[in-house]
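Below: the structure, in structure tokens.
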Protein chains: 2
Amino acid sequence: MSGIADVAALAGVSKSTASRALTGGGYVSEGTRQRVIDAARVIGYVASPNAASLVTGRTKNVGVIIPFVNRWYFGEVLEGLEDALLACDYDLTLYNVRPGSASRARIFEHFLARKRFDGIITIGIEPSPDELERLVSLDRPVVALGGQLPGITSVSIDDVAVSRLATEHLIGLGHSRIVHIGGERTDDLTTSVHGRRLAGYIEAMENAGLGEHVLYVPSDMSVPGGYAAGVQVIGDPRTRPTAISAASDEVAVGTIVAARRTGVGVPSDLSVVGVDGHEYAEMFSLTTVEQSPRDQGTAIVELLMGVLSGGPHETEVLLHPTRLVVRSSTAPPRGDGANPS
Amino acid sequence: MSGIADVAALAGVSKSTASRALTGGGYVSEGTRQRVIDAARVIGYVASPNAASLVTGRTKNVGVIIPFVNRWYFGEVLEGLEDALLACDYDLTLYNVRPGSASRARIFEHFLARKRFDGIITIGIEPSPDELERLVSLDRPVVALGGQLPGITSVSIDDVAVSRLATEHLIGLGHSRIVHIGGERTDDLTTSVHGRRLAGYIEAMENAGLGEHVLYVPSDMSVPGGYAAGVQVIGDPRTRPTAISAASDEVAVGTIVAARRTGVGVPSDLSVVGVDGHEYAEMFSLTTVEQSPRDQGTAIVELLMGVLSGGPHETEVLLHPTRLVVRSSTAPPRGDGANPS
DNA sequence: CTGAAAGCGCTAACAC
DNA sequence: GTGTTAGCGCTTTCAG
């Protein structure tokens, strides 16, 4: 293992000069710098991050705390994060904290305390008070994506607007019997993603004078969740809506699968919109409010870099839904009047 | 930041004794050990991994090289890895090397060289000679899941057997016009997962005297890939098979979506089997050879731990398909005789 | 069984 | 501009 001393020797300079040339701190003449860099390349020298971290206190590594890897939204964000972090020369260490899992506890109690990172990115985490406390006590910058945590700088998409937009699209098509799948009855309407998307739906419905038709069915934010809810909602032909506003694309996909299985055509007999821009949208003729999770990942990394560099930075970024992408025409069913059952 | 010195002081011993007590190396009297451990707990002491690594050379961290995060199989494996690694007190740093991406090159050239890990786990990687060379030159144990690399200890599932099993299931149901989706024409039949699963299909067909019906359509190992191939395969009613053996569950799901969309019933007019135990299998009435990716993750971690501990370990583990899980009955279509078009 | 001292590989003051 | 020196926080010989 060649160390910086070897590089220095080969270049005919001292270790400190070699270090300066390589890390770019302090004055080095252009000639020396080149010789050192060449020497490093010849030897194939790469600095030991441990040794460097020990003295600088910085690790060139960030921790990512994420509840799922294997749900479309989270996987996509994670890939976005990895790309963005690489571009900034940071490694990424993964902390997978499935809600309620044993590993979640161990991570918060044990692993994070190692502080192997310069900063932390949390994705869609709703931390318990205890977890939040531990997060803060790490004394490293924390930035959150999705759901602003008290005192933590965050990036969120405008969940209310996004869901309102989706619902308005359905209303614009002439639907009135629109149900929302995804909100949880117990949620505070501003505190969680679930809740805010539900709020957007309600807002749209009431604005359109459809308040009496407001109806939501709770669901996991996942494809199987949407499927289960879909079966329930579509099951009874007498109460079946003509359109569904889904809290996420994954829910929407699950719902559509359920609809097809039930023999209800999609979208001719039923319109479904979701939020996120899922890669399956096309396959399922899904209409979607596009809000790329990858870009969300990029945005949160940018924010963290701002914090790390100590410069000024926004403390709360709200991503606005820019456009509604229609992957298929979703015509309103005939005979859907103002006076449904 | 409290250091080991503080712990030592509080316990009334020297740093070296404190270190021994905490890391379990060398002799410490039981009483002292307890006092040190208590002191550490009181202060909330956690050793700096950097400092420790610097001197021991071990990092308590493993690198995971994976081509996708956001494909079901890979996401599932990754979650399995994370769990298994945590259990062994290892951190996980993620290297996402999408084939052909710019980050892939940077990772192999730059990031891996930092050697922030005691070992490397690769998932379904087909490295170029150059990449393989770099991997080896890291001088850290490398274990591979899926596809044995020359000179690298590996865990694989028995792809040939798994695919044969799936195909035999269809044959057993009375099908003869069975096409395989997933193999790539260019593949060596033993070198890649694609290739081996194709081989298993061919084996089953020939064993059953159906060699003349062997037909495969190449596809990405993904849901959209399966969808595209499915549209193509099912599109023409004259050549349409009665059953499909898919190289993976994701392909199978895509195929089923295509089938439904084309108006071909599933499974009444078409049977599809896949490999892996996908969580969507139930939603899609998919028959599957179960081979949990999570367990594969666990297995590969066990193997790596064996290598790291220096003890004896198997150098190549083959996971055998244990069972075929039927999520729905897939009756053969009537009139499917020995003499298809 | 315990303590003193050396040093892992690097960067950051500080002199020159 | 460049070299010398002093650690970063820990583990590990090596005496005692």
Side-chain angles (χ1 to χ4, degrees), chain A residues 1-40 43-61 89 91 113-118 138-140, chain B residues 1-40 43-61 89 91 113-118 138-140:
Chain A
M1 302 304 90
S2 49
I4 201 174
D6 304 300
V7 177
L10 208 173
V13 297
S14 70
K15 287 198 311 177
S16 28
T17 304
S19 171
R20 276 187 294 252
L22 261 14
T23 59
Y27 297 105
V28 186
S29 75
E30 194 42 52
T32 321
R33 152 167 286 118
Q34 262 318 323
R35 259 182 310 127
V36 171
I37 290 181
D38 289 352
I43 300 194
Y45 168 80
V46 176
S48 149
N50 284 323
S53 299
L54 193 52
V55 47
T56 62
R58 267 164 295 99
T59 61
K60 280 299 189 177
N61 183 47
D89 204 37
D91 281 309
R114 292 179 176 173
K115 303 197 201 182
R116 295 199 126 140
F117 35 72
D118 296 336
L138 289 175
D139 201 39
R140 296 268 184 289
Chain B
M1 301 305 89
S2 51
I4 200 173
D6 304 299
V7 177
L10 209 173
V13 297
S14 69
K15 288 198 309 177
S16 24
T17 305
S19 172
R20 276 187 295 251
L22 261 14
T23 60
Y27 297 104
V28 185
S29 74
E30 194 41 52
T32 318
R33 151 167 288 118
Q34 261 319 322
R35 258 183 310 129
V36 171
I37 290 181
D38 288 353
I43 300 195
Y45 168 79
V46 176
S48 149
N50 284 323
S53 298
L54 193 54
V55 45
T56 61
R58 267 163 294 100
T59 60
K60 278 301 190 179
N61 182 46
D89 203 37
D91 280 308
R114 292 180 174 171
K115 304 196 200 183
R116 296 199 126 142
F117 35 72
D118 295 336
L138 289 175
D139 201 39
R140 295 271 184 287

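So that the names make sense, note that chain A is the first sequence line, chain B the second, and so on, each numbered from 1. Hydrogens, waters and symmetry mates are skipped; everything else that's a heavy atom, side chains included, is used.
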Hey, is the side chain of [X] poking within less than 4.0 Å of OP1 or OP2 on [N], counting only N and O atoms?
{"X": "B:S14", "N": "C:dG3", "value": "yes"}
{"X": "B:Y45", "N": "D:dC10", "value": "yes"}
{"X": "A:T17", "N": "D:dT2", "value": "no"}
{"X": "B:S48", "N": "D:dG9", "value": "no"}
{"X": "A:T23", "N": "C:dT11", "value": "no"}
{"X": "A:S29", "N": "D:dT2", "value": "yes"}
{"X": "A:T32", "N": "D:dT2", "value": "yes"}

Could you tell me which non-hydrogen atom of [X] sits nearest to which non-hydrogen atom of [Y], and how far apart they are?
{"X": "A:V7", "Y": "A:V36", "result": "CG1-O, 3.8 Å"}
{"X": "B:I43", "Y": "B:S2", "result": "CG2-OG, 3.0 Å"}
{"X": "B:R20", "Y": "B:R33", "result": "O-NH2, 3.9 Å"}
{"X": "B:L54", "Y": "A:A51", "result": "CD1-CB, 3.7 Å"}
{"X": "B:A39", "Y": "B:L10", "result": "CB-CB, 4.1 Å"}

What's the [atom1]-[atom2] distance between [X] and [N], to the nearest Å?
{"X": "A:K60", "N": "C:dC10", "atom1": "NZ", "atom2": "P", "value": "17 Å"}
{"X": "A:R20", "N": "C:dA13", "atom1": "CZ", "atom2": "P", "value": "12 Å"}
{"X": "B:R114", "N": "C:dC10", "atom1": "CZ", "atom2": "C1'", "value": "15 Å"}
{"X": "A:I4", "N": "D:dT4", "atom1": "CD1", "atom2": "C1'", "value": "15 Å"}
{"X": "B:Y27", "N": "D:dT13", "atom1": "OH", "atom2": "P", "value": "14 Å"}
{"X": "B:R33", "N": "C:dC1", "atom1": "CZ", "atom2": "P", "value": "10 Å"}
{"X": "B:K15", "N": "C:dC1", "atom1": "NZ", "atom2": "P", "value": "23 Å"}
{"X": "B:N50", "N": "C:dT11", "atom1": "CG", "atom2": "C1'", "value": "14 Å"}

Quick one: which of [options] gets closest to the side chain of [X]?
{"X": "A:L54", "options": "D:dG9, C:dA12, D:dG1", "answer": "D:dG9"}
{"X": "A:A51", "options": "C:dG9, C:dT11, D:dT12", "answer": "C:dG9"}
{"X": "B:A52", "options": "C:dA12, C:dC1, D:dC10", "answer": "D:dC10"}

* Option among B:T59, B:N61, B:D91 that satisfies the side-chain hydrogen bond (donor to acceptor under 3.5 Å, both in side chains) test with A:R116 ->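 Result: among B:T59, B:N61, B:D91, B:D91 is the only option passing the side-chain hydrogen bond (donor to acceptor under 3.5 Å, both in side chains) with A:R116.
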* Test item: A:R114 side-chain N/O and B:P49 main-chain N/O as donor-acceptor pair under 3.5 Å ->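 No, A:R114 side chain to B:P49 backbone: no donor-acceptor pair under 3.5 Å.
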* Expected output: side-chain B:D38 to main-chain B:R35 donor-acceptor under 3.5 Å ->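 Checked: no pair found.
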* Describe the nucleic acid contact of A:S16 in one word from base, sugar-phosphate, nothing, applying a heavy-atom distance below 4.0 Å. =>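 It contacts base atoms.
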* Asked: To 10°, what angle do the rotation axes through the five end pairs on each side of the helix from C:dC1-D:dG16 to C:dC16-D:dG1 form?
  ->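 Between the first-five-pair axis and the last-five-pair axis there is 40°.
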* Asked: Want to settle it: does B:V55 or A:R58 sit nearer the 5' end of DNA chain C, counting the closest nucleotide to each?
  ->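 With B:V55 and A:R58 compared, the 5'-side residue is B:V55.
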